[in-house]
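Working notes, structure below.
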Amino acid sequence: MNPDAPRPRVAALALAVGLVLADSSIVVLALPEIYRELDTSVAGVTWVLVSFNLVMALAAVPAAHLARRVGPGRAAAVGLAIFAGAGLACAASEQLSTLIAARSVQAIGGALAITAVLELLPATVGSERRAVAIWATAGATGAALGPAVGGVLTELVSWQSIFLIQVPIALAAAVPIFAVAKHEAATGVISTELRQTGRPHVLANVALAMVSAAIAAALFLLVLLLIEGWRLSPIGAAIVVSVMPLFAFVGSRFGRLVPSARARAAAGAILVGGGLAGLALLPHAEVALTVPPQVLVGIGLALVLSALTETALGGRAPQAIHGGWTISARHAGVVIGLLALTPIFTHDIAQQRHDAIDAGTAVILDSHVPPLTKIDLAQRIESRLEGEQGKVPTIGSAFDPLPSDPEERDAVVQLRDELQEQLNRAATHAFSPSFGLAALLGFLALIPIGLARKSEL
Amino acid sequence: MSAERRAQVLIGGAIVAAVLLSGIYLASGGSSYAPEKTQDPCKHRPWRNPEGLQQIAEQFSLSALDGAACELGVSRETLARALATQAARERFTQRYGIDDAQLAKAIRAGLLRAVADAEDAGALSPLLAAPLRETLRSIPLDQAIELINNAESLLNNVESFLGPAQGLLEQFLP
């Protein structure tokens, strides 16, 4: 690092990148809470995630151009201010439409901030390569920590707190950047010369989009399976999905041992696809069984994302524009993954819900519970199902209070467990085709990786 | 180890890990972990140890449900939920485009199958089965549904039928 580089400014720039890229995934664990509180559908709540990523994908390259024209210091400061203001609006939203609109504005601010930071970093740290490394690490750290932080905040405070906490962090990151903006305003100098923009690395960016689609689907679907399907709390789900970022860290260590970006990208795509295939083939509704697939996805994403980002940015100038392309590709991939898979798994949830109800009815009809208790239970379960239209039903409370007669109680408990097993089977199976499709996306990323010239990747 | 060898090991390791994980999950039943399929209602379901009135009544109801569901081309489970409440019944008839007469016909067919199954299982004597069949052939819809939901009342009457047979006939004949 440049010894003269002001540490607070480097930290502020890294913080800005981490904060914005965390926002891409920070709401994942809050979605079930938002889904219930704003009384919407699974497809509707997906747009809280999709809107941010879609606007980010569309705005990243224009934002990079704008940052280079008005000055990266000013662009980063304004971007962070927009990001913080829109965060407040997100927290104040009482309707899904206003939340989605505020998220879109947040993405515009975020895109402006992170592309401008990529332009500021080389001058701050004195090396373009070092700047890319800091930028990529900060982004990966933010994206990795996002879901866990979001889950903890949702459970301990509320989903609104996820957005509120971003406001002081964004402002704290903006303070040292204001000095650069002030300098730009005072001197009228835009520090970076407007160099000719080179062609983006199409194959690396296409592969990035495909892998990002698979990874976004993995995270989003796994969180929904854990919270909505298996009824884990947001903190519980946060702990479970932390396996992925933990092993992403291990993967980044592995990656350093292999200089070939092509090999890292190919191995990473295979691991992401293999991990997702494992999630598609879960043999039981058991949290521990999600760990090995997550280990593969975690290591794989670290290998493939770093290799493809390095390739997309390596030797290309200006960095902000090419950084804009990689951001655009990654977020477009997330959007494609979510939009392609949401209708599939919402349809599958509806189908599995129907099959689970049929299987559950068969369990009740064939159980050894006395007929009058059966009828009473069937009516209570029916009313619970009506109250949870379109969702994976919870039936535990329909069995309370348990009968006082020990023999009958045992039969009712056995019936409850058998019913729960059918629901678990349905919830798990409902996600299988979507995980399978996401796995396919991961494997398909091998095509652009293979097509890229060896000298390029 | 050379850089090229390290690259080969990395890719090879990734392939092995991916195949191993999928293979283990597949072998552990990963492809069939789904809700159990419901049985075809047109297939005969053997009665399980029909002992005591309550158990016989239950088996009778299940047989009747199977028979009616087979007639309507739906699962036994779907029909059971449809017959639980008036509102559920209306939703069911609307969804499958059937009227009350068709539903009544199917349920009567189901009750007749239940009588046959009870006879086969030795839970109902042929002497009782014949007049019971006659009664059930013309039973009104609401009473037919009531019989499926509470076959015990019917069988209670069948027991008393051993004595004054007229009791049951008076109750169910129009």
Side-chain angles (χ1 to χ4, degrees), chain A residues 254-255 257-260 262-264 266-275 277-285 289 292-293 295-296 299-300 303 352 354-366 370-371 374-375 378-379 382 385 421-426 428-430 432 439 443, chain B residues 1-39 41 45 48 54-55 57-59 61-62 65-66 74-85 87-88 91 149-152:
Chain A
F254 259 131
L257 303 172
V258 181
S260 163
R262 193 209 249 310
R264 280 184 283 134
I270 292 165
L271 287 172
V272 168
L279 288 170
L281 293 170
L282 287 172
H284 293 287
L289 289 171
V295 169
L296 263 59
I299 296 174
L303 291 173
Q352 289 303 314
H354 177 265
D355 290 355
I357 291 169
D358 261 4
T361 309
V363 168
I364 294 175
L365 290 176
D366 294 328
K374 259 185 207 179
I375 292 168
Q379 282 168 352
E382 178 77 16
L385 294 177
E421 171 63 10
Q422 293 303 324
L423 288 176
N424 285 343
R425 281 171 172 264
T428 310
H429 192 64
S432 288
F443 288 128
Chain B
M1 202 188 289
S2 70
E4 199 171 330
R5 181 84 187 122
R6 266 185 273 178
Q8 285 169 350
V9 168
L10 183 66
I11 293 177
I15 293 171
V16 168
V19 171
L20 207 62
L21 178 75
S22 302
I24 290 171
Y25 279 17
L26 207 57
S28 311
S31 60
S32 57
Y33 190 63
E36 276 164 27
K37 294 277 172 229
T38 53
Q39 199 176 307
R45 222 183 287 241
R48 60 171 191 228
Q54 200 182 64
Q55 276 189 21
E58 216 177 332
Q59 300 289 327
S61 290
L62 293 176
L65 271 175
D66 265 334
V74 298
S75 71
R76 177 190 71 165
E77 289 69 23
T78 302
L79 185 62
R81 291 196 305 276
L83 300 182
T85 64
R91 279 200 301 273
N149 285 337
N150 186 12
E152 202 170 337

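As a basis for the values below, the full set of heavy atoms in this structure was taken, side chains included, without hydrogen atoms, waters or symmetry mates. Every value quoted in this text rests on a predicted model; they were computed, and no experiment measured them. Below, chain A is the first sequence line, B the second, and so on; all start at residue 1.
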Inset, instruction - Would you mind telling me which of B/Gly23, B/Ser32, B/Ala17 has the largest number of heavy-atom pairs within less than 4.5 Å of chain A? - result: B/Ala17
Inset, instruction - List the atom of A/Leu281, the atom of B/Tyr25, and the distance in Å for their closest heavy-atom pair. - result: O-CB, 3.3 Å
Legend entry - Heavy-atom contact with chain A under 4.5 Å, split by part of B/Leu21: side chain
Legend entry - Interface residue of largest heavy-atom contact number with chain A, from B/Ser28, B/Ser75, B/Ala34, B/Ala7, under 4.5 Å: B/Ala34
Inset, instruction - Answer with yes or no after comparing the ring centroid distance for B/Tyr33 and A/His284 against a 6.0 Å cut-off, counting only values under it. - result: yes
Inset, instruction - Would you sort out whether B/Arg81 and A/Asp358 count as a salt bridge (Lys or Arg N to Asp or Glu O under 4.0 Å), showing the intermediate values? - result: CA-CA 9 Å; B/Arg81 291 196 305 276; A/Asp358 261 4; 3.0 Å; yes
Inset, instruction - Supply the atom-to-atom distance B/Glu77 CD to A/Leu365 CG, rounded to the nearest 0.5 angstrom. - result: 6.0 Å
Inset, instruction - Tell me, for A/Ile299 versus chain B, whether the close heavy atoms (under 4.5 Å) come from the side chain, the backbone, both or neither. - result: neither
Legend entry - Residue part contacting chain A, namely of B/Leu10, when any heavy atom lies under 4.5 Å: both
Inset, instruction - Looking only at non-hydrogen atoms, find the nearest pair between A/Gly274 and B/Ser22 and report the distance. - result: O-OG, 4.1 Å
Inset, instruction - Name the region of A/Ala285, side chain, backbone, both or neither, that has any atom closer than 4.5 Å to a heavy atom of chain B. - result: both
Legend entry - Pairs of heavy atoms under 4.5 Å with chain B: top-ranked of A/Val272, A/Leu271, A/Asp366: A/Asp366
Inset, instruction - Please identify each residue that fulfils side chain to side chain donor-acceptor pair (under 3.5 Å) with B/Arg6, with sequence neighbours left out. - result: none
Legend entry - Contacting region of A/Ile270 [heavy-atom separation from chain B under 4.5 Å]: both
Inset, instruction - Might you point out which heavy atoms bring A/Val258 and A/Arg264 nearest each other, and give the distance in Å? - result: O-NE, 2.9 Å
Legend entry - Under 4.5 Å from any heavy atom of chain B - which part of A/Thr428: side chain
